[in-house]
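Encoded as structure tokens, the structure appears first; notes follow it.
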Amino acid sequence: MTLLLMHGGASNVESDVFKRKQNAVSSALGKISDFSIDALDLVELAVEYMERDPHLNAGYGSILQLDGRARMDAGICTSDRKYAGILQIEQTKTPIKIARKLMDAAYHSILCGEGARKFSDENGFPRENAITVEQMEAFEESCKTFPEISYQSFSRDMSDLNKKKLGTVGAVAIDKKGRMAAACSTGGTKYCFPGRVGDTAIYGAGVYCSEHVAVAMTGEGDKVLRRMTARLVEDLFLKSGNLHQAVTDAAQDLERHENGYCGIIAVSSDRQYAHAHNTAYMAFDQHAA
Ligand code: ASP
């Protein structure tokens, strides 16, 4: 049996925007015709389809940072402890494919900014526009709140703004042979200072895979980073043996310690699968057959 879980971000508002995200996740799942491929290829494909959908905040359709540029993060990892992350890449619709390429190259674990761009060019990935009209309009709206980019204006707590608007994408899978993988991709959160990196591509924070579990997160990344929430799921799972309990408790941990919002999807080596979120909604779908 192959299990695949996918998310398209968590949110506290059930708006039309959220419904479009839910449809986008289900439509990405619907595009996958072969579930017999290995877990790694499956999570990469699932995330790629979601990145290509302009309604989701990853790849094409990413939120713009406060200087009007789309800098994206993506991470991918496997149960045999392979991992790579691409940080702050621009001009691509599919950062996850670049992360996968870096993982297969098996030397560095993370490349960011200029280096990530060079790696992408060298490997023949096309330079593509990742900015949609909708996100450009949202950016113009942000400019009214932050007419100039100064870090000082960030001194107030941004979480009230961000808990309404999350939208990273992620996937976890276990295949017939028991191999697991996790992948995540994001344009970040609303109101990101240029160059800000969140949890999404960071091993153990927003994405994690070991011989025990595969975990993909969405949520307030600055807070998730401080709790290492994806890795915490593994710790909790190893204690209780109950994956559903582990993801629920990990989401509660973030709320208790950081007043943070998140969504989590996970599978375990004994083929449990679970999702949890402490937001009102999470765009989510799954295949289990
Ligand atoms: N975790 C992402 C970040 O902080 C945002 C999200 O999940 O929507 O960059």
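Atoms within each ligand, like the ligands themselves, are counted from 1 in listed order. All heavy atoms count here, side chains included; hydrogens, waters and symmetry mates do not. Everything numeric in this text was worked out from a predicted model, so none of it was measured.
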Where ligand 1 meets Thr168 - atom numbers and elements under 4.0 angstrom, heavy-atom basis: 1 (N), 2 (C), 5 (C), 6 (C), 7 (O), 8 (O)

Within-cut-off N or O pair, Asp199 and ligand 1, under 3.5 Å: yes

Side-chain donor or acceptor of Glu220 paired with backbone N/O of Tyr261 under 3.5 Å: yes

Polar proximity ligand 1 side, Met217 side, N/O cut 3.5 Å exclusive: no

Short N or O distance, Thr218 and ligand 1, threshold 3.5 Å exclusive: yes

Numbering as shown, the atoms of ligand 1 that approach Thr189 to under 4.0 Å (heavy-atom distance): 3 (C), 4 (O), 5 (C)

Note: Arg227-Glu258 ion pair, threshold 4.0 Å (strictly below): no

Worked check of salt bridge (charged side-chain N to carboxylate O under 4.0 Å, His left out) between Asp104 and Lys82: CA-CA 8 Å; Asp104 289 346; Lys82 292 186 187 129; over 6 Å; no

Any N or O of Gly198 closer than 3.5 Å to N or O of ligand 1: no

Min heavy-atom dist Gly188 to ligand 1 below 4.0 Å: yes

Within-shell test, Gly219 vs ligand 1, heavy atom, strictly < 4.0 Å: yes

Distance-only side-chain donor-acceptor flag, Gln91 / Asn129, under 3.5 Å: no

Arg196, portion touching ligand 1 at heavy-atom distance under 4.0 Å: side chain

Heteroatom distance test (Asp222, ligand 1): nitrogen or oxygen, under 3.5 angstrom: no

Ion pair Glu234/Arg231, N-O distance below 4.0 Å: yes

SB check Asp222 Arg226 (cutoff 4.0 Å): no

Electrostatic pair Arg52:Glu48 at N-O distance under 4.0 angstrom: yes

